[in-house]
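Only one structure is covered here, and it is reproduced in the block below.
Just so it is clear, the structure is predicted and the values come from calculations on it, not from any experiment. Atoms considered below: every heavy atom in the structure, side chains included; atoms not considered: hydrogens, waters and symmetry mates.
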Amino acid sequence: MHTEIYSDGIGEITVTGTVLRIDLVSLSPTERDANNAPKATFRQRIIMPLDGFANAADLIQKVMQGLIEAGAIQRRQATEAAAAAGPAPAPNGAHRNSSPNFS
């Protein structure tokens with residue numbers, strides 16, 4: 001029998017050398033944040049080499065395209081996507097990643 005894992009999302013992605021770690025999170029039925037919304041709590045970690053992640057990312061893009069073409073999901077409008085992406089890049093070409101694991 002194979003174990004199935006459910007996740008509400010990804011909490012963090014960490015890269016160390018040639019290994020990538022993806023922390024899966026689920027919404028807690030008991031823990032709440034300041035807005036009384038369910039808090040995302042760590043559940044499990046996926047660890048894979050960078051080339052495995054690159055292959056997975058390519059496969060995910062293909063699945064996304066198929067879901068969009070089938071009408072199962074809709075692409076965000078450009079303004080919504082830009083707002084979700086966060087603030088504009090730092091001046092002088094410096095890149096700021098939201099994860100403290102990158103500099």
Side-chain angles (χ1 to χ4, degrees):
M1 181 171 163
H2 296 282
T3 303
E4 293 183 4
I5 300 168
Y6 176 83
S7 174
D8 287 309
I10 295 174
E12 186 172 0
I13 297 176
T14 307
V15 177
T16 306
T18 61
V19 177
L20 182 123
R21 290 170 173 80
I22 302 170
D23 289 348
L24 302 177
V25 297
S26 292
L27 298 178
S28 172
T30 57
E31 296 182 54
R32 301 287 180 170
D33 65 13
N35 297 324
N36 201 31
K39 189 175 182 181
T41 56
F42 174 82
R43 295 294 179 215
Q44 202 149 11
R45 180 172 290 144
I46 298 171
I47 303 170
M48 64 175 58
L50 293 180
D51 59 338
F53 175 73
N55 291 336
D58 184 48
L59 180 59
I60 289 169
Q61 286 296 323
K62 290 176 184 176
V63 171
M64 285 289 297
Q65 188 60 39
L67 291 170
I68 291 168
E69 290 172 3
I73 59 174
Q74 295 179 357
R75 218 179 258 286
R76 292 186 201 176
Q77 297 297 328
T79 54
E80 290 176 349
N92 74 7
H95 177 70
R96 178 154 172 91
N97 191 309
S98 61
S99 173
N101 299 305
F102 302 95
S103 54

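- Considering only heavy atoms from C-beta on, Phe42 stays 4.5 Å or farther from Leu24 through its side chain.
- Among residue pairs with one or both ends in residues 59-74, those qualifying as salt bridge (Lys or Arg N to Asp or Glu O under 4.0 Å) are Asp58-Lys62; sequence neighbours excluded.
- The closest side-chain heavy-atom distance from Val19 to Ile47 is below 4.5 Å.
- Counting heavy atoms from C-beta outward, Pro49 and Thr18 have side chains that stay 4.5 Å or more apart.
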### Query
Given Leu20 and Thr14, is the side-chain contact (heavy atoms from CB on, under 4.5 Å) satisfied, shown in steps?
CA-CA 6 Å; Leu20 182 123; Thr14 307; over 6 Å; no
### Task
Could you check Arg21 against Thr16 for side-chain contact (heavy atoms from CB on, under 4.5 Å), going step by step and ending with a plain yes or no?
CA-CA 8 Å; Arg21 290 170 173 80; Thr16 306; 3.9 Å; yes
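- Between Arg45 and Asp23 there is a salt bridge, with a side-chain nitrogen of the basic residue lying less than 4.0 Å from a carboxylate oxygen of the acidic one.
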### Query
How far apart are the C-alpha atoms of Phe53 and Ile22, what are their side-chain angles, what is the distance that settles it, and do they pass the side-chain contact (heavy atoms from CB on, under 4.5 Å) test?
CA-CA 10 Å; Phe53 175 73; Ile22 302 170; 4.2 Å; yes
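- Put simply, the side chain of Thr41 gets close to the backbone of Ser26: a donor and an acceptor are under 3.5 Å apart.
- Glu31 places none of its side-chain heavy atoms less than 4.5 Å from the side chain of Pro38.
- Residue-environment remark: CE (Met48) exceeds the threshold of 12 foreign heavy atoms within 6.0 Å.
- Listed for the Asp8 side chain is no donor-acceptor partner under 3.5 Å among the backbone atoms of Val25.
- A donor-acceptor pair under 3.5 Å links the side-chain atoms of Asp33 to the main chain of Asn35, judged by distance alone.
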### Message
Set out, in order, the CA-CA distance, both residues' side-chain angles and the distance that settles side-chain contact (heavy atoms from CB on, under 4.5 Å) for Lys39 and Thr30, then state yes or no.
### Response
CA-CA 8 Å; Lys39 189 175 182 181; Thr30 57; over 6 Å; no
